[in-house]
Undergrad: 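One structure, as structure tokens, below. Some questions next.
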Amino acid sequence: MIDFHCHILPQMDDGPDLLSESLDILRRSKEQGVEVMVSTSHFYADEDYPAQFIERRNAAFLRLREAMCRDGTSYPLIVLGAEVLYFPGISQAQDIEKLVIGSGRTILVELPMALWSDTMLDEIVELGENLHCQPVVAHVDRYMRMLKDKRLIDRVLERNLLVQVNASWFLDPGSVKAAVRNLKQGKIHLIGSDCHNLLSRGPNLGQARQQAKAFGAEAEFDELRRNAVRLLFPRGNQ
């Protein structure tokens with residue numbers, strides 16, 4: 001499995017504060033069958049510049065990688081990216097291309113927890129065109145639930161943007177049927193744990209896969225890995 005959205009770098013955002021907790025998250029993810037984790041630390045344009053963000057991110061990753069090497073344990077591969085909060089003008093922002101994920105050509109965009117305007121979604125399309133990359137809209141399921149708008153996923157798809165959902169959608173008894181239905185209909189492209197810690201927001205992709213299997217959607221769930229491979233490793237080396 002590939003975790004396309006997680007917060008694992010120490011002291012980078014509201015994810016783990018301790019290096020030991022980052023390692024524990026990686027271990028638990030590996031135990032669940034996660035092979036690759038896309039580290040998507042929060043980027044807020046009103047608090048940071050892309051270059052400064054990248055400098056902090058790389059330093060945090062270096063500390064984590066050194067600890068992983070000392071430990072000698074087998075860990076998932078980490079691909080660096082960002083979870084970029086939408087802001088007006090994002091499509092024209094200077095250095096925004098520094099926030100694409102890994103060596104592929106995709107960028108993860110988080111929309112604000114407010115009514116989605118056509119202007120917002122259209123500008124994300126424009127962002128992709130300007131950067132020659134494929135935008136992914138983060139945890140669409142969360143907005144559908146909190147904004148009480150089931151149409152949001154279709155509005156994303158209508159613009160040929162990619163949909164990432166959180167594994168927790170499959171773990172809530174009140175939403176698992178909707179999650180599986182959307183998965184079977186091909187409306188989900190990528191999945192992430194959105195893990196931040198070991199307690200309230202821990203690694204959970206393995207549990208989500210078991211739920212999908214229980215509802216007869218194991219093959220569709222496994223297709224999410226192939227989608228991620230195509231985005232992260234466009235030369236087909238994974």
Side-chain angles (χ1 to χ4, degrees), residues 3-9 11-15 38-61 78-166 187-192 194 196 201 227-228 230-232 234:
D3 189 340
F4 208 86
H5 181 164
C6 60
H7 300 262
I8 55 175
L9 297 183
Q11 299 180 344
M12 188 65 194
D13 54 12
D14 56 345
V38 181
S39 174
T40 50
S41 302
H42 289 289
F43 174 81
Y44 302 122
D46 60 347
E47 298 179 3
D48 220 341
Y49 291 103
Q52 294 172 335
F53 172 87
I54 297 299
E55 184 177 354
R56 290 193 302 111
R57 187 191 69 183
N58 290 349
F61 174 64
I78 298 174
V79 177
L80 296 179
E83 180 181 5
V84 185
L85 182 64
Y86 169 86
F87 57 94
I90 188 174
S91 63
Q92 307 295 327
Q94 186 176 7
D95 290 338
I96 201 73
E97 70 277 0
K98 295 181 184 294
L99 304 178
V100 297
I101 293 173
S103 60
R105 299 302 303 173
T106 187
I107 188 168
L108 183 69
V109 181
E110 176 185 26
L111 274 79
M113 192 57 67
L115 294 177
W116 290 11
S117 68
D118 288 337
T119 299
M120 289 179 181
L121 292 171
D122 291 342
E123 188 169 15
I124 295 174
V125 173
E126 186 178 356
L127 171 67
E129 293 172 348
N130 290 345
L131 298 185
H132 305 289
C133 77
Q134 176 63 66
V136 178
V137 180
H139 41 58
V140 177
D141 57 296
R142 178 188 295 178
Y143 302 106
M144 291 169 64
R145 181 181 70 255
M146 299 188 74
L147 298 178
K148 296 180 172 56
D149 187 350
K150 296 179 181 179
R151 276 268 308 148
L152 293 182
I153 194 167
D154 292 317
R155 292 177 65 196
V156 172
L157 294 170
E158 286 166 1
R159 290 168 168 81
N160 294 316
L161 299 169
L162 297 185
V163 171
Q164 179 259 311
V165 303
N166 284 353
K187 293 185 175 183
I188 301 172
H189 303 109
L190 301 156
I191 192 165
D194 198 6
H196 284 62
R201 300 178 70 176
N227 291 342
R230 286 190 285 267
L231 289 171
L232 297 176

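The chain is numbered in sequence order, starting from 1.
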Undergrad: How about Asn160 and Gln134: do any of their side-chain heavy atoms sit closer than 4.5 Å?
TA: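 No; the side chains remain at least 4.5 Å from each other.
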Undergrad: Rounded to the nearest 0.5 Å, how far apart are CG of Leu115 and CG of Asp149?
TA: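 It is 8.0 Å, given to the nearest 0.5 Å.
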Undergrad: Could you tell me if the side chain of Ser41 sits less than 4.5 Å from the side chain of Phe53, heavy atoms only?
TA: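 Yes, at least one pair of side-chain atoms sits under 4.5 Å.
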Undergrad: With Tyr49, which residues qualify under ring pair (Phe, Tyr, Trp, His ring centres under 6.0 Å), at least two apart?
TA: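 Testing Tyr49 for ring pair (Phe, Tyr, Trp, His ring centres under 6.0 Å), a comparison that skips the adjacent residues, returns none.
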Undergrad: With a sphere of 6.0 Å drawn around CD of Glu126, does it hold more than 12 non-hydrogen atoms of other residues, nucleotides or ligands?
TA: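 Yes.
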Undergrad: Between Glu123 and Ser91, is there a donor-acceptor pair closer than 3.5 Å when you use the side chain of the first and the backbone of the second?
TA: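 Such a contact is found between Glu123 side chain and Ser91 backbone.
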Undergrad: Would a 4.5 Å heavy-atom cut-off, applied to side chains only, mark Arg155 and Leu121 as touching?
TA: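 In short, these two side chains touch, coming nearer than 4.5 Å.
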Undergrad: Show the nearest heavy-atom pair for residues Asp194 and His196, with the distance to one decimal.
TA: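 Scanning both residues completely, I find the closest heavy atoms to be O-ND1, 2.9 Å.
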Undergrad: Using the side-chain contact (heavy atoms from CB on, under 4.5 Å) rule, take Leu99 and Val84 through it: C-alpha gap first, then chi angles, then the decisive distance, then the call.
TA: CA-CA 8 Å; Leu99 304 178; Val84 185; 3.8 Å; yes
Undergrad: Inspect the contact between Asp118 and Arg159 and indicate whether a charged nitrogen and a carboxylate oxygen are less than 4.0 angstrom apart.
TA: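 Yes, charged N to carboxylate O under 4.0 Å.
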Undergrad: I'd like to check the ring pair (Phe, Tyr, Trp, His ring centres under 6.0 Å) partners of Phe61; sequence neighbours left out, ordered by chain and number.
TA: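 Residues passing ring pair (Phe, Tyr, Trp, His ring centres under 6.0 Å) with Phe61: none at all.
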Undergrad: Would you call Val79 and Phe4 a side-chain contact if the rule is heavy atoms closer than 4.5 Å?
TA: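 Sidechains of Phe4 and Val79: no contact.
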Undergrad: Okay, side chain of Asp141, backbone of Asn166: is any donor-acceptor separation there less than 3.5 Å?
TA: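 Side chain of Asp141 to backbone of Asn166: a pair is present.
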Undergrad: What is the minimum heavy-atom distance between Pro135 and Gly128, and which atoms define it?
TA: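 The answer is CG-CA, 3.6 Å.
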Undergrad: What closest approach, in Å, do Thr106 and Cys133 show between heavy atoms, and which atom pair accounts for it?
TA: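 In terms of heavy atoms, the two residues are closest at N-CB, 4.0 Å.
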Undergrad: Say you draw a straight line from CD1 of Ile101 to CD of Glu83; how long is it, rounded to the nearest 0.5 Å?
TA: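 The distance works out to 10.0 Å.
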Undergrad: Once ring pair (Phe, Tyr, Trp, His ring centres under 6.0 Å) is applied, what residue pairs with a partner in residues 116-149 remain, sequence neighbours excluded?
TA: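 Applying ring pair (Phe, Tyr, Trp, His ring centres under 6.0 Å) to every pair that reaches into residues 116-149, excluding sequence neighbours, yields His5-His139, Trp116-Tyr143, His139-Tyr143.
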Undergrad: More than 12 heavy atoms of other residues, nucleotides or ligands under 6.0 Å from CE of Met113: is that the case?
TA: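 More than 12 within 6.0 Å, yes.
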Undergrad: Can you tell me how far the CD1 atom of Ile90 sits from the CD1 atom of Ile124, to the nearest 0.5 Å?
TA: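 Result: 7.0 Å between the selected atoms.
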Undergrad: Using only atom types and a distance under 3.5 Å, with no angle test, would you say the side chain of Arg105 pairs donor to acceptor with the backbone of Leu231?
TA: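 Not a single qualifying donor-acceptor pair exists.
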Undergrad: Taking atom CZ of Arg57 and atom CD of Gln52, what is their separation to the nearest 0.5 Å?
TA: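 That separation rounds to 14.0 Å.
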Undergrad: Answer yes or no: is there a side-chain heavy-atom contact under 4.5 Å between Leu127 and Ile107?
TA: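 When only atoms from C-beta onward are counted, Ile107 and Leu127 do touch, with a gap below 4.5 Å.
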Undergrad: Going by heavy atoms in the side chains, are Leu152 and Leu111 under 4.5 Å from each other?
TA: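 The answer is no; the side chains never approach within 4.5 Å.
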Undergrad: Which heavy atom in Gln164 sits nearest to a heavy atom in Ala138, and how many Å separate them?
TA: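 Closest approach of Gln164 to Ala138, heavy atoms only: OE1-CA, 3.3 Å.
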Undergrad: Any idea which heavy atoms bring His189 and Leu161 closest together, and the distance?
TA: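 So the minimum-distance heavy-atom pair works out to CE1-O, 3.8 Å.
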Undergrad: Has Thr40 got a side-chain atom pairing as donor or acceptor with Cys6's backbone, closer than 3.5 angstrom?
TA: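 Looks like yes, one N/O pair under 3.5 Å.
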Undergrad: Supply the atom-to-atom distance Leu85 CG to Leu108 CG, rounded to the nearest 0.5 angstrom.
TA: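 With rounding to 0.5 Å, CG (Leu85) is 11.0 Å from CG (Leu108).
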Undergrad: Kindly compute the distance separating CD1 (Ile54) from CZ (Phe43), expressed to the nearest 0.5 Å.
TA: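 Here the interatomic distance stands at 8.5 Å.
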Undergrad: Can a donor-acceptor pair be found, under 3.5 Å and without considering hydrogens, that links the side chain of His7 to the backbone of Asp14?
TA: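 Answer holds: no.
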Undergrad: Taking only Lys NZ, Arg NE, NH1 and NH2, and the carboxylate oxygens of Asp or Glu, determine whether Arg151 and Glu158 approach each other closer than 4.0 Å.
TA: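 Judged by the 4.0 Å cut-off on N to carboxylate O distance, Arg151 and Glu158 do form a salt bridge.
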Undergrad: Looking at Pro112 and Met120, what are the two nearest heavy atoms and their distance?
TA: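 The pair with the smallest heavy-atom distance is CG-CE, 3.9 Å.
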Undergrad: Counting C-beta onward and ignoring hydrogens, is there a side-chain heavy-atom pair between Leu162 and Val137 closer than 4.5 Å?
TA: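 No, too far: nothing below the 4.5 Å cut-off.
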Undergrad: Quick check against the 3.5 Å criterion: does Asp13 have a side-chain atom that pairs as donor or acceptor with the backbone of His42?
TA: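 Flag set: sc Asp13 to bb His42 pair under 3.5 Å.
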Undergrad: Flag the pair Asp154 / Lys187 as yes when at least one side-chain heavy-atom distance between them is below 4.5 Å, and no otherwise.
TA: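 Result yes, sub-4.5 Å side-chain heavy-atom pair found.
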Undergrad: Ile8 and Ile78: side-chain contact (heavy atoms from CB on, under 4.5 Å), yes or no, with the steps?
TA: CA-CA 9 Å; Ile8 55 175; Ile78 298 174; 4.0 Å; yes
